[in-house]
Structure formats: structure tokens, C-alpha cells
Protein chains: 2
Amino acid sequence: MFKKWMTVLSKCALFRGINPEELNIVLACLNPKVSSYDKNESVTVFGEKFSGLGVVLAGEVVVVKDNAAGNRVIMAVNGPGEMFGEMAAFSEDGVWPATVVARGACTVMLLPAGKIVGSCERSCGSHKMLITNMLIIVSDKALMLHRKVEYLAIRSMRGKISTFLLEQYKRTGKDTFMMPLKRNELADFLNVSRPSLSREMSRMRDEGVIDFHRDSIKIKQVDVLRSMAG
Amino acid sequence: MFKKWMTVLSKCALFRGINPEELNIVLACLNPKVSSYDKNESVTVFGEKFSGLGVVLAGEVVVVKDNAAGNRVIMAVNGPGEMFGEMAAFSEDGVWPATVVARGACTVMLLPAGKIVGSCERSCGSHKMLITNMLIIVSDKALMLHRKVEYLAIRSMRGKISTFLLEQYKRTGKDTFMMPLKRNELADFLNVSRPSLSREMSRMRDEGVIDFHRDSIKIKQVDVLRSMAG
DNA sequence: TGCTTTTGGTAACCGTGGCTACCGTTTTTA
DNA sequence: TAAAAACGGTAGCCACGGTTACCAAAAGCA
């Protein structure tokens with residue numbers, strides 16, 4: 001039944017430590033719903049009734065939040081095997097805390113939240129593992145948000161840009177790399193305006209700290225960048 | 001042994017649904033460490049080795065984060081029965097993601113993280129409950145951070161102030177209430193400078209939207225405030 | 001009780017960064 | 001392959017809010 005998605009699901013953090021045979025049993029237990037979406041189609045809408053823990057099976061989704069002023073903040077970009085709605089799954093109000101939009105054609109699986117904590121009728125042994133995995137996942141999510149808060153708490157734009165670039169530098173281990181976000185998306189992520197971001201990056205280029213062309217970026221003075229990060 | 005703290009602990013979300021006799025057994029299992037601190041003393045320091053899940057027994061602690069630029073951001077204020085370090089408890093790196101400072105004289109309990117998920121030798125039945133509680137707690141924490149991100153994502157100071165006041169208004173249900181934070185702390189929380197905050201609040205008072213004197217504040221035009229929140 | 005510390009309001013100055021507008025380039029779609 | 005849409009850099013304008021400095025009131029402490 002879920003044979004098609006086994007490879008992806010085995011990579012999903014929720015099912016870590018559960019072997020294929022058990023996974024099949026657990027999935028039958030959880031009774032998930034698989035749906036496909038086109039580009040820019042809404043998978044979930046902020047404030048609507050919570051429909052279940054999401055797992056991306058194919059394609060990519062973007063988790064966004066619109067504040068009333070009309071600014072769209074990108075919370076995350078999730079690919080195959082990644083999840084969304086982990087936090088809402090165990091909240092009381094039972095509504096989506098964010099909007100999830102298909103970044104391109106994609107397929108997602110929605111798991112009813114109650115089934116995860118609720119004790120299984122057939123008392124399948126992987127349920128405890130599932131809950132423990134869930135705990136780790138939500139903790140990681142919380143830490144990610146913690147990091148996000150740190151980003152937003154940086155007052156100056158230079159600080160934000162420098163911090164972001166240094167994180168990429170550390171992640172890739174190279175001083176020349178591709179930006180994982182378009183200017184628009186980066187501006188959203190750093191919570192600044194797009195033209196101001198361009199201007200500041202250009203200034204940094206003029207000063208010889210970095211060099212870039214479109215998506216390709218090169219860090220020329222790591223130490224200077226570090227001093228600007230805070 | 002923990003008789004002195006039973007009243008507080010029974011109110012702690014971690015032990016919800018566990019009756020006093022079981023609580024004693026569970027506590028013995030967890031082997032917690034109780035310590036006292038003076039005002040402004042550090043309970044935990046950012047980056048240092050994780051020492052365990054914290055529970056405030058008496059007094060208050062402030063969870064803060066200093067960014068390298070020297071700005072101190074208040075993450076939370078925790079009183080008796082409240083916890084800190086929930087996220088770090090299940091992260092890999094095993095260091096404190098924030099600094100916790102005693103707001104006044106206080107007593108806290110530290111629970112070794114491993115003991116919570118690790119299966120109990122005496123296989124005491126409340127362990128599953130403990131893990132489930134932990135899941136709910138961490139989810140709530142994540143949602144709280146989510147809300148925090150929303151606050152920080154608000155561009156204008158007016159928007160921040162309005163949002164904060166409306167939240168208090170909703171919480172107390174009254175249009176006149178006491179500010180739960182000093183100006184200093186509020187400025188930190190909203191991530192703005194203290195004089196700018198005072199100035200903006202004075203402007204709002206001049207415009208007749210609000211009225212205030214020190215800690216006491218009155219909302220005069222809720223609808224206008226709402227339109228300013230975003 | 002007087003002294004010190006903390007807290008909060010106000011004012012002047014000015015830099016960062018938001019906004020709008022425009023244009024060239026790249027990518028997508030028909 | 002032409003038309004349309006998305007993307008990214010640049011420029012000018014100016015307001016929001018950071019910074020510093022100072023003072024008054026309140027609270028803590030001797």
C-alpha cells in the first residue's frame with residue numbers, strides 16, 4: 001500500500017529506528033492520507049482546523065506566515081522526508097499555526113495527530129519509538145525556532161547578512177558557494193526589504209568583504225564578516 | 001525527601017497526571033539536584049555543558065540571550081513550577097542554548113535528561129506519562145517561540161507595542177491593567193531601545209489611543225490599537 | 001531619615017533602512 | 001521563439017527609531 005513511498009519514509013525522522021516490516025504495520029495503524037498539490041497551491045491554511053502531522057513525500061513545500069501588515073515571513077522550506085505541523089500536533093487549539101504552500105508540484109502525507117499518542121489497539125511495539133522520535137523532532141524544531149529568534153533579534157542588517165553568510169560558509173566548508181535562497185526569499189527570511197538587502201550586499205562588495213553574482217557568492221574576508229556578525 | 005516541594009511539583013506540567021505516591025517514586029528514579037541562588041546569580045550559562053532539565057521550586061528566574069552586539073533579549077520569566085531547558089534536554093550538542101539568571105533569591109531543581117527517556121530499571125509505570133507530558137511541554141514551547149518570532153517579525157514599533165497591549169488586554173479582559181514588565185524589560189522583549197519605546201508610548205498617549213502612568217496602563221481606543229497592530 | 005540606585009520620561013541629532021520607481025537580465029510559458 | 005513574468009541591482013527621498021544625555025520620581029538601603 002505504501003510501498004511506493006517506503007524509501008522516502010525510511011528517511012523520515014519520525015520513523016527512525018523502525019524497520020520496513022514494522023513500518024508497514026505502524027502506517028496501517030496511523031491511517032494516513034496522501035494528497036498531491038500543484039505549484040503555489042495551499043496545503044494548509046493558517047487558522048484552519050488542524051488536519052494532521054505532515055510528511056513531504058515528493059517535491060517541496062514552503063512554510064510561511066503572513067502578518068496582518070502584509071509581510072510574508074518564510075519559516076522553512078521542506079523537501080522529501082521532512083515534516084511540518086509537528087508543533088500543532090499536540091497543541092490544544094487544534095488549528096494550523098502557519099500556512100504551507102507547495103513550492104512546486106508535490107505530494108504530502110497527513111497523519112492524524114491523535115493516532116500517534118493514542119495507544120494502539122493492536123499494541124504495536126513501535127509506538128513508543130514513535131513517541132520518542134516525536135519528542136526529539138519537536139525539540140529540534142524548538143531549537144530551530146530559537147535560532148530563528150536569534151536571527152530576528154539582530155538589529156542591524158549587516159549583522160543579519162553576515163550571520164547568514166557565515167552559517168552557509170560553515171555548512172558548506174567553502175568560501176564560494178550558491179545561495180540557497182533567492183534575494184526575495186532571503187529578504188523575507190532576514191525580515192528586511194529586498195532593495196535594502198541588495199544595497200547592503202553591494203556595499204559589502206564595494207568594501208571587498210564579499211563578492212557575488214546572482215546566486216554565486218564568495219566570502220573574501222571571513223574575519224571582517226565575523227566582526228560584523230556581532 | 002521532596003515533601004517540602006510536593007505542592008509546587010504537583011503543579012509542574014511535567015508531573016501532570018501523576019499522583020503524590022507515584023511522584024515520590026518517579027523522583028527517586030530521576031535523581032534530581034536541588035540548588036539555591038541569589039539575585040542576579042547565573043543558574044546556567046550559554047554554551048556550557050547541559051546540566052539537566054530545570055524546574056523552578058521557589059522564586060523567579062529569567063531566561064536571557066546575549067547576542068554578540070551586546071543586546072540582551074529576554075526569552076522568558078519563569079516562576080515556581082515552571083521549567084527551563086526543555087528544548088536542550090533532547091538536543092545532540094548538549095550545551096545550554098540560553099543563560100538563566102535568578103531574578104531574586106530562588107531555588108531550582110535540575111533533572112538529568114537521560115533519566116527521563118531512558119527506561120526505568122524498576123520499570124515504574126509513570127515513565128510513559130512523563131514522556132507524553134514532556135512531548136506536550138516541548139510542543140507548547142515551540143509554539144511559544146513561534147509566537148515570539150511573530151513578535152520580532154513585526155517591523156514597526158507601533159505594531160509591536162499595539163500587539164503586546166492587545167495581548168494583555170485579551171489576557172486580563174480589562175481595559176485598565178498593570179504592565180507585567182518594566183519599561184526596560186519590555187524594550188528588551190520587543191527588541192527595541194528603551195528611550196524609543198518611551199517616546200512612542202508617549203506619542204500614542206498624546207494621540208489619545210492609550211493612557212498610562214508608570215506600570216498602570218489604560219487602553220482608550222481598542223479599534224485604533226488593532227489597526228496599528230498590523 | 002537622608003543617601004544611593006533604579007526606573008522612566010524627554011529632547012536633539014542623525015544614520016539605517018523602508019519605500020517607490022525604473023531598468024536590464026534571466027527564466028518561464030505559450 | 002516571441003511574449004510575459006520573475007528576478008536582481010540601483011537611486012533618491014525621508015521617516016522611524018537608535019544613541020546619548022539629562023532630569024525627576026520612586027524605590028531600596030543605611
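Scope of the values below: all heavy atoms of this structure, side chains included, with no hydrogens, waters or symmetry mates. Just so it is clear, the structure is predicted and the values come from calculations on it, not from any experiment. Lettering of chains follows the sequences in order, A, B, ..., and the numbering in each one begins at 1.
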**Study point:** Nearest to side-chain heavy atoms of A:Ser202, which nucleotide of D:dT10, D:dG8, C:dT10
**Key:** D:dT10
Exercise for review: Would you check if the distance from the ring center of A:Phe46 to the ring center of A:Trp96 is below 6.0 Å?
Suggested key: no
Exercise for review: Measure from CG on A:Leu197 to C1' on D:dT10 and round the result to the nearest Å.
Suggested key: 13 Å
Check your understanding: Taking the side chain of A:Arg214 as its heavy atoms from C-beta onward, which of C:dT25, D:dA11, C:dT10 lies nearest to it?
Key -> C:dT25
**Study point:** Listed nucleotide nearest any side-chain atom of A:Phe212, set D:dG18, D:dG9, C:dT7
**Key:** D:dG9
Check your understanding: Rounding to a whole Å, what distance do you find between A:Lys39:NZ and C:dT27:P?
Key -> 14 Å
**Study point:** Length of the CG-C1' vector between B:Leu186 and C:dG9, whole Å
**Key:** 15 Å
Point to revise | A:Asn40 CG - C:dT29 P separation (whole Å) | key: 10 Å
Check your understanding: Looking only at heavy atoms, what is the nearest atom pair of A:Ile154 and A:Lys160, with distance?
Key -> O-CE, 3.0 Å
Point to revise | B:Asp215 CG - D:dA26 P separation (whole Å) | key: 12 Å
Check your understanding: Looking across every strand, which nucleic acid part, if any, lies under 4.0 Å from A:Arg158 by heavy atom: base, sugar-phosphate, or nothing?
Key -> nothing
Practice item. Would you tell me if any nitrogen or oxygen in the side chain of B:Arg205 comes within less than 4.0 Å of OP1 or OP2 on C:dT10? Key: yes
Exercise for review: Give the rounded distance in Å between these two atoms: CG of A:Asn191 and P of C:dG18.
Suggested key: 8 Å
Check your understanding: With respect to the side chain of A:Arg199, which nucleotide from D:dC13, D:dT19, C:dG8 is positioned closest?
Key -> D:dC13
Check your understanding: Which is true for B:Arg203 with a 4.0 Å heavy-atom rule: it touches a base, it touches only sugar-phosphate, or it touches nothing?
Key -> nothing
Check your understanding: Between the base of C:dG18 and the side chain of A:Ser196, is there any donor-acceptor pair under 3.5 Å?
Key -> yes
Exercise for review: Name the closest nucleotide to the B:Glu200 side chain, picking from D:dG17, D:dT10, C:dT10.
Suggested key: D:dG17
Revision key, fill the gap. To the nearest angstrom, the CE-P distance between A:Met157 and C:dG15 comes to 17 Å
Check your understanding: Passes side-chain hydrogen bond (donor to acceptor under 3.5 Å, both in side chains), B:Ser202 versus B:Arg199? Steps please.
Key -> CA-CA 5 Å; B:Ser202 296; B:Arg199 173 180 35 181; over 6 Å; no
**Study point:** Distance-only donor-acceptor test, B:Arg194 side-chain atoms vs D:dG18 base atoms, 3.5 Å
**Key:** no
Study note, to complete from the structure: Walking DNA chain C from its 5' end, the first of B:Lys182 and B:Pro195 to be reached, judged by nearest nucleotide, is B:Lys182
Revision key, fill the gap. Side-chain atoms of B:Asn184 come closest, of D:dA21, C:dA21, C:dG8, to C:dG8
Check your understanding: Should B:Glu200 and B:Arg203 count as an ion pair when the cut-off is N to O under 4.0 Å?
Key -> yes
**Study point:** Integer-rounded Å distance: C:dT10 C1' and B:Asp206 CG
**Key:** 11 Å
**Study point:** Over all atoms of both residues, closest heavy-atom pair of A:Lys220 and A:Asp211
**Key:** CD-CB, 3.8 Å
